[in-house]
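Below is one structure, written out as structure tokens, with a few remarks after it.
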Amino acid sequence: MMIMILKICFLLLVINYGTCAKPNILLIIVDDLKPVLGCFGDINAYTPNIDRLADKSFVFKNVFAQQALCAPSRNSLLTSRRPDSLHLYDFDSYWRSTVGNFTTIPQYFKENGYHTYSIGKVFHPGKSSNFTDDYPFSWSKPTFHPKTEQFMNSPVCVDIDGSLVKNLICPVIVESQPGNTLPDIESLNEAVNFLEQRRNSTEPYFLAVGFHKPHVPFKFPNEYLEYHPIENVSLPTNIDRPSSLPLVAWNPWTDIRLRHDIQALNLSFPFGPMPGHMTRKIIQAYNAATTYVDDLIGKLLNHVDSNTIVVLTADHGWSRGEHGEFSKFSNYDEATKVPLIIHIPGLSTGEVISDALVELVDLFPTLVDLTQVAEALPLCPKHGNRLACTEGRSLAPYMAYKKWERWLV
Ligand SMILES: *[C@@H]1O[C@H](CO)[C@@H](O)[C@H](O)[C@H]1NC(C)=O
Ligand SMILES: *[C@@H]1O[C@H](CO)[C@@H](O)[C@H](O)[C@H]1NC(C)=O
Ligand SMILES: *[C@@H]1O[C@H](CO)[C@@H](O)[C@H](O)[C@H]1NC(C)=O
Ligand SMILES: *[C@@H]1O[C@H](CO)[C@@H](O)[C@H](O)[C@H]1NC(C)=O
Ligand SMILES: *[C@@H]1O[C@H](CO)[C@@H](O)[C@H](O)[C@H]1NC(C)=O
């Protein structure tokens, strides 16, 4: 009966917006997460919580980030404009002061009656979001960053001889870490507090939670290794650097070469290659870090009420040895492909899989359609300076089609 009411409510929303209470929105962005998840068919993944969310969601399996680098991808996703329009391919400019005062997804919802809040890494912090994560434009209150994020690159990994080093692969005992915690645990706690505080509010919220793992270094509570025995890790089949690859297309993974455990391997620059046993350990650690974040996501979802649209995605992927790469930065699928899971209350009652070609710029118009906070977001004109518009296309018709199908059954 409840589901029936929600469905009718949703139908009214679609036909004639403004009839029912607006749904809340929870946007989960996982840093550098490629779709190596159980629900995406990865047999080495252990992601029961994300899989459970997928069981009652629309799961898009052919989704691409606009660029395989954090700041340009996030700014693109959040403004629904391509890096070419934002003129941002790195970390060094803020669109509002360089190209145009473009409206972001959270800003749009804030201006349409939502309370908006950012926890962890949503915008890339720093110059590309004006050192404020675009507060106050995008957010109702200043954003939350975990205090222990300052130890991201500190020597906190225990080496074989017991010394503390900066390793790429860094399973830890949480209680022995600075502050006795880890950044994503802090973000989870903040998000749970937020959800509990909003529980009786009639004002809908837009909460964005950005988890830092499995971004390098692979620092995670060591118990998550248990789910990923090294003998079960297989190497990618396309492990060689293509011989005809132009040098300009090669990324020599300088960021991971700086880590002590990688330095110790004396790899040749710029091509490596990485020894197979280390590639296995890297994949294992990435999978364990993903299981850790999956666990936090499960805890977060326990506090989300039923009138909430949940979106889970990532800023881009990460090559784990494919084509000889250990990085994002490239245009290979391994670096550009991301998961996208959209749960719609009352509508997503089972898993619906789509192979449609989707881009992260599609998210903004999709959320506008799903919530009906206003009429459909227009396409950005070729010329002129429209502030709230999209360079993507809404995925709602696709989901609505599925909805009618189910509704008529
Ligand atoms: C960026 O932040 C600075 C300092 O907080 C502020 O003065 C400036 O107006 C902001 N830029 C824009 C375009 O809002
Ligand atoms: C940009 O847009 C915001 C929100 O509408 C507004 O408050 C701000 O004054 C604008 N900034 C400029 C430089 O026009
Ligand atoms: C929400 O309402 C319930 C039931 O009335 C109450 O017990 C609880 O304290 C309220 N929570 C908040 C955060 O106001
Ligand atoms: C590892 O692989 C073995 C053999 O395929 C399988 O039985 C076992 O369940 C796997 N372990 C994990 C934790 O996935
Ligand atoms: C790396 O080079 C150092 C210094 O030349 C040497 O002591 C060490 O054994 C080498 N390690 C490996 C794994 O080859």
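One-based numbering, in listed order, for ligands and for the atoms of each. None of these values were measured; they are calculated from a predicted model. Atom set for the values below is all heavy atoms of this structure, side chains included, hydrogens, waters and symmetry mates excluded.
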Within a reach of under 6.0 Å around [atom1] of [X], are more than 12 heavy atoms found that belong to other residues, nucleotides or ligands?
X	atom1	answer
N385	CG	yes
K141	NZ	yes
I173	CD1	no

- Query: Should the pair Y227 and Y46 be assigned to parallel (<30°), tilted (30 to 60°) or perpendicular (>60°) ring geometry?
  - Reply: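 Taking Y46 first and then Y227, their aromatic rings lie parallel (interplane angle under 30°).
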- Message: Below 30° counts as parallel, above 60° as perpendicular, anything between as tilted: where do the rings of W95 and F123 land?
- Response: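 Parallel.
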May I ask you to identify the nearest protein heavy atom to [atom], giving residue, atom name and distance to one decimal place in Å?
atom	result
atom 5 (O) of ligand 2	E111 OE2, 3.9 Å
atom 8 (C) of ligand 2	N101 ND2, 3.7 Å
atom 7 (O) of ligand 2	F137 CE2, 3.8 Å
atom 13 (C) of ligand 1	Y94 CE2, 3.7 Å
atom 2 (O) of ligand 1	N130 ND2, 2.3 Å
atom 10 (C) of ligand 4	N232 ND2, 2.3 Å

- Query: Under 4.0 angstrom from ligand 1, any heavy atom of F131?
  - Reply: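 Judged by the 4.0 Å heavy-atom criterion, F131 does not count as contacting ligand 1.
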- So is R257 actually on top of F269's ring, under 6.0 Å and inside 45° of the axis?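 Negative - R257 is either too far from the ring of F269 or too far off its axis.
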- Query: Taking the six-membered ring of F40, is NZ or CZ of K61 closer than 6.0 Å to its centre and within 45° of its axis?
  - Reply: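 K61 over F40 ring: yes.
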- Message: Please check whether R96 reaches ligand 2 - meaning an N/O of the residue sits under 3.5 Å from an N/O of the ligand, judged on distance alone.
- Response: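 No - when backbone and side-chain N and O of R96 are compared with those of ligand 2, no distance drops under 3.5 Å.
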- Message: Distance under 4.0 Å to a non-hydrogen atom of Y227: what atoms of ligand 4 satisfy this?
- Response: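 So the answer, numbered in order with elements, is 13 (C).
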- Message: As an exercise, identify every atom of ligand 2 less than 4.0 angstrom from a heavy atom of Q107.
- Response: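 Those atoms are 4 (C).
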- Task: I would like to know whether D305 and R198 meet salt bridge (Lys or Arg N to Asp or Glu O under 4.0 Å); could you show each step before the answer?
- Result: CA-CA 10 Å; D305 71 31; R198 306 295 304 176; over 6 Å; no
- Item | Polar atom proximity, H228 to ligand 4 (N or O, under 3.5 Å) |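 Min N/O separation from ligand 4 is not below 3.5 Å for H228.
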